[in-house]
2 protein chains.
Amino acid sequence: MTHSTPTGIPEATVARLPVYLRALTTLAEQGTETCSSEALAAAAGVGSAKLRKDLSYLGSYGTRGVGYDVAYLRYQIGREIGLTQDWPVVVVGIGNLGQALANYSGFRSRGFRVVALLDDAPELHGRQVAGLEVRPFRELSSIAERVDLAIGVIAVPADAAQNVADRLVAVGVTSILNFAPAVLAVPDHVAVRKVDLAIELQILAYHQQRRATEAEGASA
Amino acid sequence: MTHSTPTGIPEATVARLPVYLRALTTLAEQGTETCSSEALAAAAGVGSAKLRKDLSYLGSYGTRGVGYDVAYLRYQIGREIGLTQDWPVVVVGIGNLGQALANYSGFRSRGFRVVALLDDAPELHGRQVAGLEVRPFRELSSIAERVDLAIGVIAVPADAAQNVADRLVAVGVTSILNFAPAVLAVPDHVAVRKVDLAIELQILAYHQQRRATEAEGASA
DNA sequence: GCCAGTTTGTTCTCTCGTTCACAAACTCAT
DNA sequence: ATGAGTTTGTGAACGAGAGAACAAACTGGC
Ligand SMILES: NC(=O)c1ccc[n+]([C@@H]2O[C@H](COP(=O)([O-])OP(=O)(O)OC[C@H]3O[C@@H](n4cnc5c(N)ncnc54)[C@H](O)[C@@H]3O)[C@@H](O)[C@H]2O)c1
Ligand SMILES: NC(=O)c1ccc[n+]([C@@H]2O[C@H](COP(=O)([O-])OP(=O)(O)OC[C@H]3O[C@@H](n4cnc5c(N)ncnc54)[C@H](O)[C@@H]3O)[C@@H](O)[C@H]2O)c1
């Protein structure tokens, strides 16, 4: 110990690293070999000062007077996030959303491998979705014995979400991505992130309304 | 002026109001008429102090020694967010994700009305999805003349996203929800929120990896 | 080798958000 | 009515994140 903290990247920075990664990939595809913090920041939609500070948490991977080597920086960020290994993902709830997710090509291209599609409804069992067979939810535990499930994606109705989460936690899943509009209670060692369409829309509606009443007040 | 700022709710608070709203709805469905900040905070998954401070930006809608009237508070938050009116929504890109979104019941139940489904692909035109006919993207402007489009949802591939955004802005849309993994450039008066599955997964992967290396370091 | 120009990494300051703690305000029993 | 018990609303301390600014470090020309 008493060594510089090897871990300890601020949460806000962690949330931006994937954005930088994507910007770097785009630049690499365009044949760019080197880029300045200014250029990368523009591609990622952030300020250059913020970008440099974010990258400084990972180490000193740039060269003063030159900029960053695109391929090298991309590798370093990928390594920090954990994209050198691939993460087995299980999707629970193969309805409208679950099927769209299963068909999403962005999973595999970014180091995530969908290993199982689970659902309660018997009429879905055995059906092929995106090259995988939909299996009964109760097979979760036997699947968990064979593969070391890293991430569980919940795409079931809100009232079933907590139950599914409990079962995922019980078989050792420690990262959950929840699409159901429900607050999940999980043990401390389990990470949950939620994607909530309704919330995003309501935030937009708030600003929309605020702009409207503001304009009205200005004209009145 | 020199009156208490009528607008000016912190962004972080705005993002939580929909969560409180949903918790209140759940409580109301269970027949609860009144609740304390402690109880509501638990249902919303936040601390009670944070909840009270958030609500204090809206006004004093609680009663000391008693708590909050569920129906009344729900109305007040809904009014603040703008749920008393309904917002016309257009979805662009009716592929895997777009179809799932079109079928999402949470839209209408929360004051959002999908008025048009647009796509470029001729083979989709005229097809019925969730009771609406898919129309060519070029009809956007004529639709915008008939209805006052409030929110545009982008569910097209990443390389088409900026173009779609530009067209939406051109017809007067000032709120955009973007599902494509791309950074959108829009004028200042346009609000953009993004939902990015890949980013969420990568954030989870980071924490997963950190836990793994941490445990390894502890045992070594 | 040295100087001008460029770009990073970091420090400092400021703003925003969270948490604590408590007085003010209410209810209810006596 | 009064006092004991609750619960809200908010001021103040605290922490995290954003942005400006600059010294250190590199490149390339001469
Ligand atoms: N459709 C969307 O665009 C969208 C958008 C945002 C959020 N959501 C949310 O995502 C969730 C799923 O939405 P959807 O439109 O796909 O709904 P859906 O009804 O089409 O699909 C839900 C699926 O979950 C399965 N299921 C139900 N209970 C289960 C259980 N206990 N175990 C395993 N499987 C179970 C059902 O059989 C069904 O196939 C909902 O919570 C919804 O609110 C959907
Ligand atoms: N499928 C998912 O679960 C998922 C999850 C997260 C993000 N996304 C993102 O959402 C977007 C859509 O994903 P998808 O799986 O539905 O893809 P998809 O290919 O199934 O659908 C895209 C649709 O957009 C239409 N389109 C293309 N260019 C257009 C244009 N210029 N104007 C109008 N329509 C156009 C296509 O005709 C197609 O129907 C992608 O950017 C994807 O990365 C998808």
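Excluded from the calculations below are hydrogen atoms, water molecules and symmetry mates; all remaining heavy atoms, backbone and side chain alike, are included.
- Atom CG of Leu17(A) is separated from atom P of dG17(D) by 13 Å (rounded to the nearest Å).
- Residue Phe137(B) places its CZ atom among more than 12 non-hydrogen atoms of other residues, nucleotides or ligands, all under 6.0 Å distant.
- Within a 6.0 Å sphere centred on CD of Gln85(A), other residues, nucleotides and ligands contribute more than 12 heavy atoms.
- As judged by a 4.0 angstrom heavy-atom cut-off over every strand, Gly47(A) is placed among residues making no nucleic acid contact.
- A close approach under 4.0 Å does not occur between any side-chain nitrogen or oxygen of Thr63(B) and OP1 or OP2 of dC26(C).
- Among the nucleotides dC26(C), dT8(D), dC22(D), the one closest to any side-chain atom of Arg52(A) is dC22(D).
- Considering only the side chain of Ser56(B), dG9(D) comes nearest among dG9(C), dG9(D), dA18(D).
- At the heavy-atom level, Glu11(B) lies under 4.0 Å from the strands shown only through sugar-phosphate atoms.
- When rounded to the nearest whole Å, the span between CD1 of Ile9(B) and C1' of dG17(C) equals 15 Å.
- Within 6.0 Å of atom CG in Asp166(B), more than 12 heavy atoms from other residues, nucleotides or ligands are found, so the atom counts as buried in its surroundings.
- For Tyr57(B) and dT8(D), the OH to C1' distance is 15 Å, given to the nearest whole Å.
- Within the 4.5 Å cutoff, no side-chain heavy atoms of Gln202(A) are placed close to those of Trp87(B).
- Leu97(B) has its side chain out of reach of Tyr104(A): every pair of non-hydrogen atoms, C-beta onward, lies at least 4.5 Å apart.
- The separation between Glu38(A) atom CD and dT8(C) atom P is 8 Å, rounded to whole Å.
- Nearest nucleotide to the Lys50(B) side chain, out of dC26(C), dT10(C), dT19(C): dT19(C).
- In this entry the distance linking CG of Asp54(B) with P of dG17(C) reads 10 Å, nearest Å.
- Checking dC26(D), dA12(D), dT8(D) against the side-chain heavy atoms of Lys53(B) singles out dA12(D) as nearest.
- The C1' atoms of five pairs define one axis at each end of the helix from dG1(C)-dC30(D) to dT30(C)-dA1(D), and these two axes lie 10° apart (to 10°).
- A straight line from CG of Asp69(B) to P of dT7(D) spans 16 Å, rounded to a whole angstrom.
- Side-chain atoms of Arg64(A) stay outside donor-acceptor range of the base of dT7(C), with no qualifying N/O pair under 3.5 Å.
- Which of dA21(C), dT27(D), dG9(C) sits closest to the side chain of Val66(A) comes down to dT27(D).
- A close approach under 4.0 Å does occur between a side-chain nitrogen or oxygen of Tyr68(A) and OP1 or OP2 of dG9(C).
- The CZ atom of Arg16(B) sits 8 Å away from the C1' atom of dG17(C) (whole-angstrom rounding).
- Taking the side chain of Pro10(A) as heavy atoms from C-beta on, and the options dA23(D), dG17(D), dC20(C), the nearest nucleotide is dG17(D).
- At a cut-off of 3.5 Å, with distance as the only test, a side-chain donor of Ser175(B) or Arg211(A) sits close to an acceptor on the other residue.
- Leu55(A) has its CG atom 16 Å from the P atom of dG17(D), to the nearest Å.
- Test Arg22(B), Arg16(B), Arg193(B) against Asp196(A) for salt bridge (charged side-chain N to carboxylate O under 4.0 Å, His left out) and you get one pass: Arg22(B).
- Gln99(A) and Asn103(A) share no donor-acceptor pair across their side chains, judged by distance under 3.5 Å alone.
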